[in-house]
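One structure is given here, and the rest of the page talks about it.
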2 protein chains.
Amino acid sequence: MYVMAEPKTKRGQIRRAKILAAAETVMGDQGFSAASIAEITRLADTALGTFYVYFTSKEQVFRELVLEMGRITRAIVGEAISDAPDRLSAERAGLEAFLRFVAERPQLYRIVEEARFVDPEAYRDYFWHFGQAYTLGLREAQKRGEISAGDPEVRAYALMGISKALGDRYVLWEETPDIERVVEEAHKMICHGLAP
Amino acid sequence: MYVMAEPKTKRGQIRRAKILAAAETVMGDQGFSAASIAEITRLADTALGTFYVYFTSKEQVFRELVLEMGRITRAIVGEAISDAPDRLSAERAGLEAFLRFVAERPQLYRIVEEARFVDPEAYRDYFWHFGQAYTLGLREAQKRGEISAGDPEVRAYALMGISKALGDRYVLWEETPDIERVVEEAHKMICHGLAP
DNA sequence: CTGAAACCTGAATCATTATTCATGTATGTC
DNA sequence: GACATACATGAATAATGATTCAGGTTTCAG
């Protein structure tokens, strides 16, 4: 997928950023196919044709948004777990940070999920990257004896799945999410499992 | 959403079923928007217009497929766990059955996930229904002392999330999935958690 | 100041497809 | 075997919206 060169002037950079932000809003709210370039440029106070000065296609802005979401999510979760004293605390902090992020920017979250259909490669890359880092974190925690033995990659994906499902059910589907409570309950299960 | 009456004659029932099956294939392979009615009817050896004898719109066949998927998944998982001796065994059997189902009918799985965007109500109903049953099963297992105490609904969604994530990573993204191994590893974590 | 590069414009193009419809053909009942 | 109902057809309709383009305007280095 061909990508345009960076804008050379200040004005150009601002314009491009405005269009990208508008695309986030419109695509996040309405989904990829319902989002029209016309509406994106309208929201960005820009002429329709200007869109194609900065992006080669509708698909390309979308991909850009998915990449941005990857960077943001990793930054937010990474930050949240960075000063946890041990891995179990890190799991709790990471889950909580993720759920709060979903609550604050549901559009970005939606875009990543839609990427599964619009741009499967970007979607896969997103989780692959995240999964790699997650796996590594668990493997090292295991070496340090902070968690029990077990395949770190399977665990990483299982834990990502928990976050996503709880985000859907308790953040997106709920008027007033009680994130604290959900994190608490989930964390108990993550630490000790279901066995009596 | 208006739904057509059932076909009255044998011929009609067969034709309708043929179109529905073709829709499953085409929509499952290409996704909702890339799937064209023309291709669906071509695959069903049927004239284009005949589609509208049986379905009111493209959206409506899609919904029909989502509902069908709901019935099938519940049947398959329900069957798998029905003769488990206790809840922890049931969790293992259910996870394994789900992963095998994803491996066998990836198109249907894809359709449900796409419903999140194409028909959010159907998507929500699907998980709501499943979540209700799952929660109930966990609550009763807890009463019987087969699992430890904890919010059964949060646990239900967490467990569904695990299944979905492992389905993505180890079934859809893998040439030759080793379902047995993944189930084994995940089940250890589900039973005992990460705590050392 | 000035010219070239960069940026901006929005009407026109172009392609795609869901849906309709007017006109047949089959089915089953009497 | 005739009639009504149900089913089948595919060309025509109609709407949509992504992308292009031919010509302006702004920026900024020299």
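The shown structure was predicted, so the numbers you read here are calculated from the model rather than taken from an experiment.
In this structure, the nucleotide among C/dC8, C/dT19, D/dT9 sitting nearest to the side chain of B/Leu48 is C/dT19. Side chain of A/Thr9, nearest nucleotide from D/dC28, D/dT20, D/dA6: D/dC28.
Using a 4.0 Å heavy-atom cutoff across all strands shown, B/Tyr54 reaches sugar-phosphate atoms only and no base atom.
A heavy-atom distance below 4.5 Å is not found between the side chains of A/Thr56 and A/Tyr52. Looking at A/Ile162 and A/Leu166, their side chains come closer than 4.5 Å, going by heavy atoms from C-beta outward.
For the OP1/OP2 pair of D/dT19 and a distance below 4.0 Å, the side-chain nitrogens and oxygens of A/Tyr52 include at least one atom meeting the criterion. Within the structure, a side-chain polar atom (N or O) of B/Arg15 is placed less than 4.0 Å from OP1 or OP2 of D/dA8.
Taking every heavy atom of residues 19-47 of chain A and every atom of DNA chain C, pairs under 4.0 Å involve A/Thr46, A/Ala47, by number.
Proximity of a side-chain donor or acceptor of A/His192 to a complementary backbone N or O of A/His187 within less than 3.5 Å is not detected.
B/Arg155 and B/Ser148 form a side-chain donor-acceptor contact under 3.5 Å, judged by distance and modelled atom types alone. Side-chain N/O atoms of B/Gln13 and B/Glu6 include no donor and acceptor closer than 3.5 Å.
Sequence order on DNA chain C of the closest nucleotides to B/Phe51 and A/Val53 puts A/Val53 first from the 5' end.
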